[in-house]
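Input: a single structure, listed below in structure tokens.
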Protein chains: 2
Amino acid sequence: MVLGLDIGGTHMRLVLADRRGKLHHRHKGRTGSREGVDRTVQRLVAMCRRGVAAAAAEGSRVVAVGAGVAGKIDRRRGEVLFSPNLPEMNGYPLGAELERQLGLAVFLENDANAFGLGEHWQGSARGIANWVGITLGTGVGGCLMLNHDLWRGDDLGFAGEVGHMIIDPAGPVCACGAHGCLEAHASGSALLQGVERAVASGRLTSGPLWDLRQRGALTPRSVHACALGGNALARELFERMGWALGLALANLFSILGIRHGLLGGGVSGAWDLFIAPLMASLVIRCRMLPAGDASIRRSALGDDAALLGSARLAWQGHDARRGHEGERVSRLWPPWAG
Amino acid sequence: MVLGLDIGGTHMRLVLADRRGKLHHRHKGRTGSREGVDRTVQRLVAMCRRGVAAAAAEGSRVVAVGAGVAGKIDRRRGEVLFSPNLPEMNGYPLGAELERQLGLAVFLENDANAFGLGEHWQGSARGIANWVGITLGTGVGGCLMLNHDLWRGDDLGFAGEVGHMIIDPAGPVCACGAHGCLEAHASGSALLQGVERAVASGRLTSGPLWDLRQRGALTPRSVHACALGGNALARELFERMGWALGLALANLFSILGIRHGLLGGGVSGAWDLFIAPLMASLVIRCRMLPAGDASIRRSALGDDAALLGSARLAWQGHDARRGHEGERVSRLWPPWAG
């Protein structure tokens, strides 16, 4: 079996999965990264050992570990280059450290890429050769699946970063520092910033969003609840999200010559509030694609997508290493051949 | 040898090329598409027969034809689905008709994709695995080269259409009908539209651009000459072009996780006027890539890029068909095996 990890800014989660993607054990703990990277890694190692024990209890063993982490990842060196949610891990050799402490092969990947591997393996994108995935959370992540393979570009530590596609250079500032990224229009943070802009402009002075803000209880989830309750500003923020996602997907389809998109992440729970403006925006902007040909799906795996994707990553890494070893063995065997 | 064709709205050109890309013959004629598609195809066939005769004169023969055409192309059926510069060819089975009249295998491709094949084979992108190509002409074309192969997406008739990436939804209307495409900021048409906007707003009332416009002599080339002469409006239009190209390349690099771009097409002759604003715009917007890592090259082949790419396409198509035949033969051989 393999372990799949999803390491976020607040929580870290683990699954024990077999080769067919069946889950045999799961565990969740807090990341607590402010206490320092060593404590976080201690907790991670303890969590993995519980997974190894769960496998042993079933008479099986763990052969590899896959881990999804938000940020820029050096896959080859197993290093977190830059993580906005886990700044304590910037430059930390997480893969090598876990390998040393666990005695298992560890494979790292960006969390949105892990999401893509999961949905392609077990979720909404099974059998689709070419598609773009977008995860809507605090920020916006993305992945490209090309010819059934996760696209990694020049292996620069990032690929599929559709959240930082600039869709409106006059738009709001993004966490990355640029103006008008998709993330600044279509994320949990963008919802909260939209409320703050309404306060700053004097538009928002009372009502449920105002009350939530005064109580310090404004979250993407509470903005969602207000929109469901008919609040005009909240509804507009989700319409803006749909507009931005439609524009971004139109660009991606024109650039890549494809027609499939898949949306996941916590904020995609507000699907009914943004999908109609998304499709309207997409159809008028993707001039190369006949109107009915665009296909936008919703994640089938929810929170488990990145976990399953990390498990898939572990199997792929394990098989690739075995393949290489197999090759090496066959090159050396029979020994008299050279 | 093979024939490579570049079929544009005004001219069509042909080269006769050997397997190493050496050119043995070239010819240029007018397309004259307004006289009807049959007359255009007659002229094309006559031009190809001159190429075949030139090969015969060297004791060689032509084995395949490649052709680059602006627009949406159905490669499998050899059909021009939609061509903005050759509207008479919309829905025309150009490949099949040329095959029938010439008795040679004919392979069609979008002209910007042909540009990409040419530059990767003989030009500035030799040996670069992953890069995006942008052709600056009357419009803006594009191609993606991924893992040393031309990317064709879902084979929908388009891919790499970076000219229709929307970079500013409040920007000028594009020929495609959408607002704020790269093409509406960074093409020959965009230069002319920029002059018209300055007239409409009352900014342009005299000077060299005004005089050219009054004489009906305003072209991208004459705007270029005015910019070289120090004209402020003309210089601004090229700065705007650089700004837009930098933003588009930043988006493409973030999405694809790559760092190489290549610019060609007639308007890229104004390189010195737009490359500094392009690099400035790219560096501040591509937040994932360290500032010095972006590499923007200029076409090495100029007008010959698409012609050489069409020749390359012909060789690739020829070899693939021979490969398939070879496979079929080996499956049938030895005959007693089944």
Side-chain angles (χ1 to χ4, degrees), chain A residues 72 81-82 110 113 128-132 142-144 146-147 149 151-171 174-182 243-244 247-248 250-260 281 284-290 293, chain B residues 72 81-82 110 113 128-132 142-144 146-147 149 151-171 174-182 243-244 247-248 250-260 281 284-290 293:
Chain A
K72 219 172 141 173
L81 295 172
F82 171 73
N110 171 273
N113 281 349
I128 304 180
N130 301 312
W131 55 278
V132 54
C143 63
L144 299 181
L146 304 181
N147 285 335
D149 263 332
W151 174 253
R152 286 166 171 133
D154 283 330
D155 245 328
L156 302 171
F158 66 97
E161 285 291 345
V162 303
H164 298 290
M165 184 198 315
I166 294 168
I167 58 165
D168 180 5
C174 180
C176 77
H179 275 265
C181 294
L182 175 61
W243 169 85
L247 198 164
N251 281 354
L252 290 160
F253 289 178
S254 295
I255 293 165
L256 292 165
I258 66 174
R259 63 185 195 85
H260 291 286
S281 172
I284 60 162
R285 291 194 168 83
C286 192
R287 313 294 293 192
M288 308 298 291
L289 199 63
D293 289 4
Chain B
K72 218 173 143 172
L81 295 172
F82 171 74
N110 170 274
N113 281 350
I128 303 180
N130 302 311
W131 55 278
V132 54
C143 62
L144 299 182
L146 304 182
N147 285 336
D149 263 331
W151 174 252
R152 286 165 170 133
D154 283 330
D155 244 329
L156 301 171
F158 66 96
E161 285 290 346
V162 302
H164 298 291
M165 184 198 314
I166 294 168
I167 59 165
D168 180 6
C174 180
C176 77
H179 275 265
C181 294
L182 175 61
W243 168 85
L247 197 165
N251 281 353
L252 289 159
F253 289 177
S254 295
I255 293 165
L256 292 165
I258 65 173
R259 63 184 196 86
H260 291 286
S281 172
I284 61 162
R285 290 193 170 82
C286 193
R287 312 293 293 192
M288 308 298 291
L289 199 64
D293 289 4

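Letters A, B, ... mirror the listed sequences (proteins, then strands); counts begin at 1.
Panel note: side chain Asp168(B), backbone Asp168(A); no donor-acceptor pair is recorded below 3.5 Å. Formation of a donor-acceptor pair under 3.5 Å by the Asn251(A) side chain with backbone atoms of Ile166(B) is found in this model.
A distance of 6.5 Å separates CD1 in Ile258(B) from CG in Asp154(A), rounded to the nearest 0.5 Å. With rounding to the nearest 0.5 Å, the separation of CE in Met165(B) from CE in Met165(A) is 7.5 Å. In this structure, Cys181(A) SG and Arg285(B) CZ are separated by 10.0 Å, a value rounded to the nearest 0.5 Å. Taken to the nearest 0.5 Å, the CG atom of Leu182(A) stands 11.5 Å off from the OG atom of Ser254(B). How far CD of Glu161(A) is from CZ of Arg287(B): 13.5 Å, rounded to the nearest 0.5 Å. For the atom pair CG of Leu256(B) and CZ of Arg152(A), the computed distance is 15.0 Å after rounding to the nearest 0.5 Å.
For Leu144(B), the part lying under 4.5 angstrom from a heavy atom of chain A is the side chain only. Using a 4.5 Å cut-off between heavy atoms, Arg259(B) contacts chain A through both its backbone and its side chain. Neither the backbone nor the side chain of Phe82(B) comes within contact range of chain A; no heavy atom of the residue lies under 4.5 Å from a heavy atom of that chain. If you measure heavy-atom distances from Trp131(A) to chain B, you find no contacts under 4.5 Å at all.
Among the candidates Cys174(B), Gly171(B), Gly177(B), the residue making the largest number of heavy-atom pairs closer than 4.5 Å to chain A is Gly177(B). For the set Asn147(A), Asp155(A), Ile284(A), the count of heavy-atom pairs under 4.5 angstrom toward chain B peaks at Asn147(A). With respect to chain A, the highest number of heavy-atom pairs below 4.5 Å among Gly257(B), Ala248(B), Cys286(B), Gly180(B) belongs to Gly257(B). Of the residues considered (Ala170(A), Ala159(A), Ala178(A)), Ala159(A) shows the highest number of contacts with chain B, using heavy-atom pairs under 4.5 Å. Of the listed residues (Val162(A), Leu247(A), Leu81(A)), the one with the most heavy-atom contacts under 4.5 Å to chain B is Leu247(A).
The shortest side-chain heavy-atom distance between Leu146(A) and Trp151(B) falls under the 4.5 Å cut-off. No side-chain heavy atom of Ile255(B) sits less than 4.5 Å from a side-chain heavy atom of Val132(A).
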Worked check of side chain to side chain contact (heavy atoms under 4.5 Å, CB included) between Asp293(A) and Leu156(B): CA-CA 10 Å; Asp293(A) 289 4; Leu156(B) 301 171; 5.7 Å; no
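Residues Phe158(B) and Phe253(A) come closest through the heavy atom pair CE1-O, 3.3 Å.
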